[in-house]
Each structure stands twice: as structure tokens, then as C-alpha cells.
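What follows is a single structure, written as C-alpha cells, with notes after it.
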Amino acid sequence: RCVCYGLGRFGRCPIARYQLAFLLLLLDELRVPPARCALFDPAFSAREAAALRALGLCLLPENEVRTPPGHTAGPRGRGSAVMGSVVPGQEGKHGIEGAATLFYMVHCGKALYNNLLWSNWSPAALSKLVIIGNSFRGIEERLLSRILERDYSYIAKVLKGVEEVALPSHPRYLDTFNDTSVHWFPLDKLQELSPEVWDFVEEPLYQDCEDLEIIRKGEE
């Protein structure tokens, strides 16, 4: 199955239309039925939403603000033993619930990737997840280490457990897929990370983050 975040206003933006076209070609190549692809972007107009449904795609009804499987937010977001609870928070917290899932997230904010990792924070879950989106290595290179570890700790912790390959560049589509990579998480590499990496399951809150780059639930 596939989940797409942050596609944008494809009815008025050529870059978003190219990204949508690539998504549709990708689904066809991977033999993922359109009905198994869900999209969310608070920017979609009613006509754009109708067009996506006409293509057979599904729309997520709202910003996803769930906890990772087996945890619910307690004080400061620390986990406790309740399965699949929904709590106030930020978008992109989509747990794959055991199903291999492709996340199509071209040019999304760093917090969105961080939230997604948090929602699937175990070797078993991450090994079934593929992300097409902003290069994690590029994020690491552009941010100071202390900012990366403070604001986007799950990206920072998974860097030694991820493989990524950049999409080929094309002069016609430089602005469409620049800095975009395919990321996957081999189980053997994840299992080599220290146990302490997996013990930390605190919900990202971004209290000190100055450029959050995502839309919180309730701000759509």
C-alpha cells in the first residue's frame, strides 16, 4: 500500500502535477491498486479532492495524530501500554500496522519524516517501510548536529540504519524532484543499533523548533 503526504495544489502548480503523475506511474509499476493509496494535504481544494477520488485514490479524512503501536502519550509524550490511541499532536503519525507501506513525501517538512519514524519506531515496523522524500543525508549535512538531535531525534538516530538512493536528476524536472531520495531500512542494519535507541519513544513536541514546516492538526 501507499501513503502520500504534502502533494500540494496540483490544480494550479505544475510541479505538483508532475509529482502526482509520477505517483500514478509508480503505483502502476508496483502494481499497487489506486484504492490502496491514501493521500492527505490540507491544501487540497474541493475540486482537487474530487479529481483524486475520480482517479480511484483515497483521501485521509484528517491530520493523523496517533501514537506508535503499543504506546500512548503520557507526561511529555512518554509511552505506556495502550494500543493505537489517538492523542493531540502533529500530522504524519501513521503507523503501518504490519503492512509493507510506501510513503511518498516529496519536499515535505523535516518534522513530518520525524513523526513518521516515531510512529513506527521498531526494527520490525521500519523494515517494512519505504520513504520517497527529502534526502536524510541532505538533512544531516544542512543542519547543525545539536539541532538535528534536539528537534528531529528520530531522523538522527536512524541515520546508521537507513539506506538511500537519490532519484536521477533531469534538467526538465530539477525543481520537481531535487534533493529527493528513496529510503529503506534493512532489518539487519536496524538490529545492529544499540538497544537504547529503541527504548526512547518520547513523542516529538518541537517546543524549541523555529521552523516547523508542517501544519498542526486544527490549523488546516
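Residue indices begin at 1 and follow the sequence shown.
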Restricting to non-hydrogen atoms, name the atom on [X] and the atom on [Y] that form the minimum distance, rounded to 0.1 Å.
X: Gly161; Y: Pro186; answer: O-CD, 3.7 Å
X: Ala16; Y: Gly8; answer: CB-C, 4.2 Å
X: Pro171; Y: Leu174; answer: O-CG, 3.7 Å
X: Arg1; Y: Ala99; answer: NE-CB, 3.8 Å

Could you pull out all residues at least two apart from Arg172 that satisfy side chain to side chain contact (heavy atoms under 4.5 Å, CB included)?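 Tyr18, His170.
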Using the side chain to side chain contact (heavy atoms under 4.5 Å, CB included) criterion, which residues pair with Thr180? Sequence neighbours excluded.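 Thr180: side chain to side chain contact (heavy atoms under 4.5 Å, CB included) contacts with Val106, His107, Ile132, Leu167, Phe177.
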[X]: what forms a side-chain hydrogen bond (donor to acceptor under 3.5 Å, both in side chains) with it, not counting sequence neighbours?
X: Arg9; result: Glu48
X: Glu192; result: none
X: Ser153; result: none
X: Ser181; result: Glu164

So does Pro204 get a backbone contact from the side chain of Asn114, meaning a donor-acceptor N/O pair under 3.5 Å?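 Judged by distance alone, no pair lies under 3.5 Å.
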Short question: side chain of Asn115, backbone of Lys93 - any donor-acceptor pair under 3.5 Å?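 Side chain of Asn115 to backbone of Lys93, a donor-acceptor pair under 3.5 Å: no, none is there.
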Pairwise distance [atom1]([X]) to [atom2]([Y]) - rounded to 0.5 angstrom:
X: Ile15; Y: Asn178; atom1: CD1; atom2: CG; value: 8.0 Å
X: Leu60; Y: Asp41; atom1: CG; atom2: CG; value: 11.0 Å
X: Cys4; Y: Leu27; atom1: SG; atom2: CG; value: 9.0 Å
X: Leu59; Y: Cys37; atom1: CG; atom2: SG; value: 9.5 Å
X: Cys2; Y: Leu57; atom1: SG; atom2: CG; value: 9.0 Å
X: Leu20; Y: Leu55; atom1: CG; atom2: CG; value: 6.5 Å

Salt bridge (charged side-chain N to carboxylate O under 4.0 Å, His left out) involving Arg17 - partner list, sequence neighbours excluded: none
Only counting residues at least two apart or in another chain, list the ones meeting salt bridge (charged side-chain N to carboxylate O under 4.0 Å, His left out) with Lys189. Glu163
Co-membership, hydrophobic cluster, residues [X] and [Y], 4.5 Å side-chain:
X: Tyr113; Y: Leu102; answer: no
X: Leu129; Y: Leu30; answer: no
X: Tyr5; Y: Tyr104; answer: no
X: Ile155; Y: Val201; answer: yes
X: Val32; Y: Phe103; answer: no

Sequence neighbours excluded, which residues qualify as ring pair (Phe, Tyr, Trp, His ring centres under 6.0 Å) partners of Phe185?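 With neighbours one apart ignored, the set is empty.
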With Trp184, which residues qualify under ring pair (Phe, Tyr, Trp, His ring centres under 6.0 Å), at least two apart?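 Applying ring pair (Phe, Tyr, Trp, His ring centres under 6.0 Å) to Trp184 gives none.
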Using residues 136-149 as the side-chain source, report each donor-acceptor pair under 3.5 Å to any protein atom, sequence neighbours left out, with the distance given to one decimal.
residue	atom	partner	partner atom	Å
Arg137	NH1	Leu159	O	3.3
Arg137	NH2	Leu159	O	2.7
Arg142	NH2	Asp179	OD2	2.9

Pairs touching residues 23-35 that satisfy side chain to side chain donor-acceptor pair (under 3.5 Å), sequence neighbours left out: none
Ring-face cation of Lys157 near Tyr154 (centre distance under 6.0 Å, axis angle within 45°): yes
Can you check side-chain contact (heavy atoms from CB on, under 4.5 Å) on Asn134 and Lys110, steps first, answer last? CA-CA 8 Å; Asn134 293 5; Lys110 295 181 287 294; 5.8 Å; no
Going through the distances and angles, do Leu39 and Phe44 end up as a side-chain contact (heavy atoms from CB on, under 4.5 Å)? CA-CA 10 Å; Leu39 299 89; Phe44 288 150; 4.3 Å; yes
Report yes if the side chains of Phe200 and Val197 come closer than 4.5 Å at any heavy-atom pair, otherwise no. no
Specify whether Trp121 and Trp198 have parallel, tilted or perpendicular ring planes, treating 30° as the upper limit for parallel and 60° as the lower limit for perpendicular. tilted
Evaluate Met105 against Leu116 for side-chain contact (heavy atoms from CB on, under 4.5 Å), listing each step before the verdict. CA-CA 11 Å; Met105 307 168 59; Leu116 176 62; 3.6 Å; yes
Just do the side-chain contact (heavy atoms from CB on, under 4.5 Å) check on Val130 and Thr101 with the steps written out, would you? CA-CA 6 Å; Val130 174; Thr101 305; over 6 Å; no
